Amino acid sequence: MKADPQNVLTGAHYLDGNYAIAEGAIAAGCKFFAGYPITPSTEIAERVSRRFPLIGGIFVQMEDELASMAAILGASWGGKKSMSCTSGPGFSLMMENFGLGIMLETPCVLVNVQRGGPSTGLPTLPGQADMMQARWGSHGDYEVIALAPDSPQEGFELTIHAFNLSEKYRMPVLLMTDECVGHMTEKVIIPPPEEIELIERRYTDKKPGEAWPYQENELISPMLPVGEGYKFHITGLTHDYRGYPVINAEAQAENVDRLMAKVKENVDDLTWLEEKDVEDAEVVVVSYGISSRVVQPAIAKAREEGIKVGQIKMVTVWPFPEKRIRELAGKVKALIMVEMNYGQVYLEMDRCAAGRCETYICGHAGGTVHDPGSVYSTIKDAVK
Amino acid sequence: MSVETTKQVSDEHPMEHLLRMDRIPHIWCSTCGLGTTVRALAEALEQLEIDHDKVAVVSGIGCTGRVAGYLKLDSFHTTHGRAVPFAMGLHIARPDMKVIVFSGDGDLVSIGGNHFIHTARRNIDITVICVNNFIYAMTGGQVAPTTPIRARSKTTPYGNYETPFNIPLLAASSGAVYVARWTALHVRRMAMSFAEAISKRGFSLVEVIAPCSTLYARLNKLGTGLSLMKFYHDNSEIRHGADLNDIAIDYQSKIVVGKFLDVEKPTYLDALNHHNAGIFGDKYKPYGGGNGSD
Amino acid sequence: MAATEIRITGLGGQGVILCGYIIGKAASIYNEQHATLTQSFGPEARGSACSAQVIVSDQRVLYPYVTAPQILVAMSNDGYKKYKDTLAAESILVYEKDLVKPEGGGDGVRMFGIPATRFAEELGRKIVLNIVMLGFFGAVTDLMPVEALRKAVETSVPAGTEELNLKAFDEGYEYGVKLLEESKAST
Ligand code: SF4
């Protein structure tokens with residue numbers, strides 16, 4: 001279905017990444033936002049709180065991030081598209097109920113505007129060091145979907161995409177941006193509503209008494225609406241298709257396997273890569289978010305010097321584009337991961353390269369984006 | 001103690017339509033106070049003659065947290081401490097529904113304490129039923145923020161010395177509009193209070209003092225769950241409208257019960273709609289239709 | 001055209017960020033260019049010297065931060081001092097005459113001063129100082145057509161203050177045009 005015109009500020013705007021994300025959420029039909037102020041993500045909440053009253057949305061500033069995440073799950077089960085945003089320590093607190101969202105299979109979107117860590121770290125400066133926390137931050141085994149915008153424009157577009165994926169796969173989806181994108185102001189084109197394609201929630205077509213929260217043998221079950229007599233039960237405990245707790249190894253295998261299969265069996269649909277000059281490349285620079293932008297002057301410079309270097313920008317970081325990286329590892333001399341941390345997503349790339357090509361991490365502790373010079377030297381090292 | 005029955009008896013259970021009979025027998029110990037409390041809620045829902053399709057129960061973690069799993073309503077078993085904010089989100093998304101949080105003392109006022117006071121402060125239109133058995137039962141009997149001074153638990157083997165919360169006082173001073181306390185013995189009054197609390201617009205709290213026979217009673221050598229019920233019988237005093245400062249619970253001493261508070265205040269959605277209508281005038285459509293709550 | 005890096009510096013409350021916002025908006029929305037605005041946040045942004053950085057380019061801006069600005073707009077002496085050494089060679093300094101005391105030209109920095117505070121005060125609202133500066137900036141740099149800047153002023157200032165702000169902009173602009181003519185005449 002198409003976006004509701006009342007939600008869409010069609011036109012060319014000059015917006016920062018956080019505002020663009022807020023507009024993306026609103027265009028996607030988000031009607032419930034619960035959050036707690038934390039730098040550098042707060043402008044998302046501020047924009048939403050300003051825009052919501054006249055379009056029937058509810059913004060609640062919660063007592064903390066634990067509550068924020070719990071509230072958006074409750075609202076999602078109540079039938080609203082819901083979201084929260086956070087940064088740094090707030091992301092750690094949200095991990096608890098992020099796991100509940102995965103377990104209950106609850107569509108919602110969580111934005112992390114990454115800053116430097118650990119702990120309070122660098123509240124006002126960028127980082128990309130929560131990528132592994134995004135992947136594994138809640139306890140237990142599960143798969144996640146995480147997207148990384150490189151600009152306010154992508155902040156807008158990927159937020160809509162995140163909502164769509166969350167409905168399609170019936171799970172929370174992460175938008176992993178960073179302070180630089182969040183606070184950077186650029187032109188953002190908001191298309192007319194009829195050009196914004198939205199995936200709506202799938203509800204069961206079975207009658208009360210015949211439907212369960214997780215249909216037997218279905219990878220992704222349609223949801224059951226509350227208040228319509230289904231009288232269903234769902235729990236964060238390991239459960240069967242009826243939503244009833246079952247505490248044994250078989251039920252655990254069935255439950256967890258399915259949660260993981262939702263993503264694993266759809267990696268191709270979820271993978272979104274933008275490739276440039278990879279065909280003839282000897283070296284490929286892999287990166288995501290703002291890092292995928294600042295590597296480009298370095299790549300251009302190396303190309304000018306005749307170095308065959310290509311680029312892969314990961315729009316979807318999780319699930320990791322394993323297949324493509326394996327393929328490339330057999331063809332290229334080296335893969336370079338550029339990220340604002342000391343090598344997190346790099347670990348996945350290195351694993352997939354499996355020794356078939358050299359791998360390099362061009363990383364740092366965060367606080368600023370990469371100096372293109374450092375990327376250039378890594379490229380030079382790689383072709384030596 | 002009606003749900004603590006065998007399969008055979010439960011076949012004729014009068015509240016069957018409100019219970020998930022496919023999940024009975026339940027996990028609770030015999031003479032635990034939880035069954036009685038669930039029974040009282042079922043009775044309240046009957047009395048109210050409301051559409052049960054439009055009632056949801058949210059629980060956190062703990063023995064009481066399992067309640068959501070036995071009630072045949074839309075029911076959500078969430079994470080430890082977070083039942084209240086989950087319920088808040090659900091309520092705001094579906095203000096036409098009655099949302100009831102049914103959880104234990106540790107869940108609601110320890111790990112969930114911050115959510116409890118803030119949700120009361122906002123006067124979110126939900127009902128919270130807090131079963132207080134003075135102990136962390138699911139994890140095997142550790143001290144709770146409600147454990148009376150001198151009472152023993154597995155982490156206060158020489159007796160507790162921390163001041164416990166007075167839950168009705170906490171709720172009332174945080175902004176709740178309806179506050180009552182009963183013991184598991186007061187089934188009829190408890191059911192009545194539940195019904196009132198559910199009908200009440202705003203944040204309502206009913207505390208139920210209930211026996212944990214297996215842990216609290218045993219660790220403190222207080223006999224069985226039945227002995228505790230006898231204790232409630234002999235030691236509880238009904239005092240409606242009591243001064244909330246006077247109703248703290250000491251170890252094995254008088255338990256003041258009754259309806260302590262029943263006042264009118266705009267709910268969260270009332271306040272939001274009223275405020276926004278003032279700011280935006282006709283451009284503002286009240287959220288949730290009408291007054292935003294019913 | 002290669003990218004032009006601009007830094008605007010001044011005191012908190014002078015509208016430094018809005019100034020940067022308007023330049024970026026003018027370039028990207030009204031002049032079909034690319035413009036990336038970044039700013040300092042946090043304690044730094046609350047202190048005395050605050051700054052906004054804009055990169056204007058015909059191509060997409062890839063590296064978002066300003067390193068060696070070709071244009072420094074200074075509305076406070078502290079800000080000027082903090083950033084003067086980052087100016088690229090052959091760059092332009094646009095400054096508030098009564099607030100900033102530039103120290104020599106060096107490296108062929110072209111300097112243009114305007115008593116913007118006095119203009120603003122004469123308009124009755126000291127707060128439009130930044131918009132006077134913007135008009136002046138539009139005249140002494142030829143980054144983009146003045147109409148683009150003017151339009152961006154009109155669509156960025158609080159509703160109801162458009163007229164005042166456009167007047168402030170025009171006064172700054174005219175002062176700049178006159179200054180350029182005079183300096184041409186004298187060379
Ligand atoms: S451990 Fe205590 S609270 Fe839990 S079911 Fe048994 S008696 Fe009830």
Side-chain angles (χ1 to χ4, degrees), chain A residues 11-19 38-43 87 113 115-116 120-126 150-154 178-190 287 289-301 311 313 367-376, chain C residues 2-3 5-8 16-47 50-68 134 144 148-149 151-159:
Chain A
H13 304 263
Y14 199 53
L15 292 180
D16 76 11
N18 284 343
Y19 279 6
I38 188 162
T39 307
S41 72
T42 314
E43 294 84 4
S87 305
V113 186
R115 63 195 225 184
T120 313
L122 300 170
T124 57
L125 298 173
D150 74 353
S151 59
Q153 181 70 44
E154 275 196 359
D178 66 87
E179 188 276 338
C180 184
V181 171
H183 282 163
M184 160 203 290
T185 306
E186 288 187 335
K187 177 155 80 175
V188 175
I189 310 265
I190 300 185
S287 51
I290 188 66
S291 300
S292 67
R293 229 172 119 160
V294 300
V295 298
Q296 290 176 43
I299 292 173
K301 186 172 170 208
Q311 186 191 1
K313 167 176 144 182
T368 183
V369 300
H370 279 76
D371 168 11
S374 70
V375 180
Y376 173 76
Chain C
E5 297 189 358
I6 305 155
R7 172 172 279 133
I8 303 117
V16 169
I17 308 298
L18 180 63
C19 225
Y21 179 88
I22 291 172
I23 295 171
K25 185 174 185 180
S28 64
I29 308 288
Y30 302 115
N31 199 38
E32 293 183 1
Q33 288 174 293
H34 294 264
T36 301
L37 163 72
T38 57
Q39 53 186 296
S40 319
F41 276 84
E44 202 193 331
R46 291 182 178 85
C50 106
S51 76
Q53 289 80 233
V54 194
I55 303 177
V56 175
S57 174
D58 290 339
Q59 270 118 43
R60 187 178 186 212
V61 177
L62 296 171
Y63 185 79
Y65 297 140
V66 161
T67 49
L134 258 181
M144 68 187 97
L149 272 173
K151 193 100 219 285
V153 169
E154 198 183 341
T155 58
S156 304
V157 297

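Note on naming: letters A, B, ... go to the chains in the order of the sequence lines (proteins, then strands), and numbering restarts at 1 for each one. Model, not experiment: these values are computed from the prediction.
Shown here are the ring pair (Phe, Tyr, Trp, His ring centres under 6.0 Å) partners of A:Tyr376, two or more places apart in sequence or in another chain: there are none.
Pairs engaging residues 289-298 of chain A under the salt bridge (Lys or Arg N to Asp or Glu O under 4.0 Å) rule: A:Glu186-A:Arg293 [sequence neighbours left out].
Looking at C:Tyr21, both its backbone and its side chain come within 4.5 Å of chain A, counting heavy atoms on both sides. For A:Leu125, no part lies under 4.5 angstrom from a heavy atom of chain C. For chain C, no part of A:Pro123 is nearby; none of its heavy atoms comes within less than 4.5 Å.
Checked for salt-bridge contact, A:Asp150 and A:Lys313 meet the test: a charged N lies under 4.0 Å from a carboxylate O.
Looking only at distances, no side-chain donor or acceptor of C:Glu32 sits under 3.5 Å from a matching main-chain atom of C:Ser28.
Ranked by non-hydrogen atom pairs under 4.5 Å with chain A, the options C:Thr155, C:Leu37, C:Thr67 are led by C:Leu37.
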